[in-house]
Number of protein chains: 2
Amino acid sequence: MSEYQQQHSPTAYGQDGDALPPVEQHAQQYETVRNAHETELIEDYVELIGDLLRHRGEARAADIATRMAVSQATVSKMIRRLNELGLVTSKPYRSLFLTEEGQKMAEISRSRHDVVLHFLRALGVDDSTARIDAEGMEHHVSDKTLTIMQRFTEQQRT
Amino acid sequence: MSEYQQQHSPTAYGQDGDALPPVEQHAQQYETVRNAHETELIEDYVELIGDLLRHRGEARAADIATRMAVSQATVSKMIRRLNELGLVTSKPYRSLFLTEEGQKMAEISRSRHDVVLHFLRALGVDDSTARIDAEGMEHHVSDKTLTIMQRFTEQQRT
DNA sequence: GATAATTGTTAGCCATGGCTAAACTGTTTA
DNA sequence: TAAACAGTTTAGCCATGGCTAACAATTATC
């Protein structure tokens, strides 16, 4: 280990934005992000399927491919995974549907997405930028922060 | 194409948070996120190397492995990539250094990271949550939004 | 200076998430 | 009803980013 011993000076920490976080905390930050990445795509698919079902009544692989700007083959493969994960049910050549669990996930993702999106708009970000940023950010915002964002948005509204 | 024709009603859009975005816009959101993911890890490594150099005077592969909670083998492989990309220079068993370009990237990442982190704190998020969220969010916040965040943080400070 | 401990590299494995091309199914239409 | 077309699936490729295990080099310690 070539790093110096961490100094345990709790006061210095948090006031000096420049200091490196303690090793364990730093490691946890990166781990959290890596974990988020694993579920991120899954959630995006499930969320989109939920949205399509809600707005269109059906969710076809072709639509998902178009909306995600991805090949149909990729979608097909992904659907198999979602199936194995018990998130969607699919009969070949038919619309997809969400399982109980899939619906729950879609609901959570959607609401998280909405909170972030509305927050960004309340903050003064233009709609199209807010949409893009929200799509990327939503999976990395903790529940704590979400709550704060929601509060902020509501205050702004009054 | 099984989706209905998109209605072109600009007014409805942006008021109804429930509507699906137009196909092209929706596709662009996902594309932007995918692109961000490609550079994300690279930036994280470069940023961390920069931070280690600044705070410790040297950046060893072992430190990176510890701080990222990743195996040394993974770091070694990654460093080879960073080398090929012209972002770092490395002699075996010696500290890493950033190239011009690497320094530029580190600087940008760091400042983006700081803006997000300070913003979250200004918003009322506790330090440790803010750190975790910032790490995930930083790569998905557009310049426009960054500017707004920065302004917000400054206002809060007065 | 020999040996132990640390650090770094390499080889080779795996899962993920893209892709294209080709095959297959289902629907529409001539 | 047969052909054409749209939609879906499968096969097989690639890059990325993890991992472990084995080995190599450097540094520290006795």
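- Note on B:Arg54 versus B:Asp51: salt bridge recorded, some NZ/NE/NH1/NH2 to OD/OE distance being below 4.0 Å.
- The six-membered or imidazole ring of A:His140 lies near that of A:His37, with a centre-to-centre distance under 6.0 Å.
- The side chain of A:Arg34 contributes no N or O atom lying less than 4.0 Å from OP1 or OP2 of D:dG17.
- Going from atom CD1 of B:Ile79 over to atom C1' of C:dT9 covers 10 Å, rounded to whole Å.
- Summarising the geometry, the separation between NZ on B:Lys77 and P on D:dT20 is reported as 13 Å, rounded to the nearest angstrom.
- If you take CD1 of B:Ile42 and P of D:dT16, they are 8 Å apart, rounded to a whole angstrom.
- Between B:Leu52 atom CG and C:dT7 atom P the separation is 14 Å, expressed in whole Å.
- Neither OP1 nor OP2 of D:dG18 sits under 4.0 Å from any side-chain N or O of B:Thr74.
- Listed candidates were D:dT27, C:dT7, D:dG18. Nearest to the side chain of B:Arg94 is D:dT27.
- Between the P atom of C:dT9 and the CD atom of B:Glu84 lies a distance of 13 Å, rounded to the nearest Å.
- If you check the side chains of B:Ser90 and B:Asn83, you find a donor sitting under 3.5 Å from an acceptor.
- If you check every strand for non-hydrogen atoms under 4.0 Å, B:Ala73 touches a base.
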Residues B:Glu43, B:Arg112; criterion salt bridge (Lys or Arg N to Asp or Glu O under 4.0 Å); working and verdict: CA-CA 11 Å; B:Glu43 285 178 7; B:Arg112 223 169 29 191; 2.6 Å; yes
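- In this structure, the OH atom of B:Tyr93 is 16 Å from the C1' atom of D:dA28, given to the nearest Å.
- A:Val70 comes within contact range of the sugar-phosphate backbone alone, with a heavy-atom separation under 4.0 Å but no base atom that close.
- At whole-Å resolution of the value, NZ in A:Lys91 and P in C:dT25 are 18 Å apart.
- Using a 4.0 Å cut-off between charged side-chain N and carboxylate O, B:Arg67 and B:Asp63 make no salt bridge.
- Rounded to a whole Å, the NE2 atom of B:His37 is 13 Å from the P atom of D:dG18.
- For A:Arg80, no side-chain nitrogen or oxygen approaches OP1 or OP2 of D:dA11 to under 4.0 Å.
- Side-chain nitrogen and oxygen atoms of A:Arg60 include none within less than 4.0 Å of the OP1 or OP2 phosphate oxygen of D:dT9.
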